[in-house]
Student: 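Mind having a look at this structure? Questions to follow.
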Amino acid sequence: MIDPAHPGEIARDNMEAEGWTVTECASKLGVSRITLSRLLNCRAGVSASMALALEGIGWGTAEHWVRMQGSYDLARERQRQAAA
């Protein structure tokens with residue numbers, strides 16, 4: 001089974017496709033640059049509010065982002081438990 005991508009990787013791909021900087025994208029999302037940077041660098045997950053912000057700029061639905069985060073988290077936990 002292939003591990004699902006962290007949603008931040010998908011968000012980064014979308015941002016780069018738009019040609020936006022992190023600062024520009026954060027402004028469009030209504031979040032701080034640090035908050036977006038943490039997501040893009042896979043150091044934070046997609047919260048419900050971030051999912052709604054991503055939906056607000058036309059990058060899929062909030063439900064899709066939340067499902068992606070859930071799939072990622074579940075895969076990580078399965079790996080952790082298998083290693084224990």
Side-chain angles (χ1 to χ4, degrees):
M1 178 180 185
I2 297 175
D3 291 334
H6 187 281
E9 295 175 50
I10 308 303
R12 179 177 291 283
D13 290 345
N14 288 344
M15 183 187 75
E16 290 173 352
E18 297 282 358
W20 296 339
T21 66
V22 174
T23 302
E24 289 170 327
C25 189
S27 176
K28 292 176 187 301
L29 290 168
V31 300
S32 73
R33 187 184 188 289
I34 293 170
T35 297
L36 180 58
S37 180
R38 291 188 70 232
L39 173 64
L40 298 177
N41 290 305
C42 307
R43 292 190 192 113
V46 172
S47 64
S49 63
M50 179 62 80
L52 288 169
L54 293 164
E55 178 182 77
I57 62 171
W59 291 355
T61 66
E63 291 82 5
H64 179 71
W65 287 101
V66 170
R67 280 193 307 271
M68 279 196 297
Q69 186 64 54
S71 294
Y72 176 82
D73 292 343
L74 183 58
R76 287 289 171 194
E77 183 60 20
R78 281 187 172 136
Q79 288 175 348
R80 189 192 70 73
Q81 288 186 12

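Predicted, not measured: the structure shown is a model, and the values here were computed from it.
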Student: Minimum heavy-atom separation for Gln69 and Pro7, please, with both atom names.
Tutor: OE1-CG, 3.3 Å
Student: Test of understanding: with side chain to side chain donor-acceptor pair (under 3.5 Å), list the residues that count as partners of Asn41, not counting sequence neighbours.
Tutor: Arg12, Ser37
Student: List the atom of Glu9, the atom of Cys42, and the distance in Å for their closest heavy-atom pair.
Tutor: CG-SG, 3.8 Å
Student: Taking only residues two or more places apart in sequence or in another chain, which ones pass side-chain contact (heavy atoms from CB on, under 4.5 Å) with Gln81?
Tutor: Glu77
Student: Which heavy atom of Ala62 sits nearest a heavy atom of Glu55, and at what distance?
Tutor: N-OE2, 3.0 Å
Student: Under the side-chain contact (heavy atoms from CB on, under 4.5 Å) test, which residues partner Ser49, sequence neighbours left out?
Tutor: Ser47
Student: Just jot down the salt bridge (Lys or Arg N to Asp or Glu O under 4.0 Å) partners of Arg43, sequence neighbours excluded, or say none.
Tutor: none
Student: Rounded to the nearest 0.5 Å, how far apart are CZ of Arg33 and OG1 of Thr21?
Tutor: 7.5 Å
Student: So does Ile34 have more than 12 non-hydrogen atoms from other groups sitting under 6.0 Å from CD1?
Tutor: no
Student: Closer than 3.5 angstrom, by distance alone: can the side chain of Ser71 be matched with the main-chain N or O of Arg67 as a donor-acceptor pair?
Tutor: yes
Student: Using a side-chain heavy atom cutoff under 4.5 Å and only I, L, V, M, F, W and Y, what cluster partners does Trp20 have?
Tutor: Ile10, Met15, Val22, Leu29, Val31, Leu36, Leu39, Leu40, Val46, Met50, Leu54, Ile57, Trp59, Trp65, Met68
Student: With sequence neighbours excluded, what pairs up with Ala44 under the side-chain contact (heavy atoms from CB on, under 4.5 Å) test?
Tutor: Arg38
Student: So do the side chains of Asp73 and Arg76 get within less than 4.5 Å of each other, counting heavy atoms only?
Tutor: no
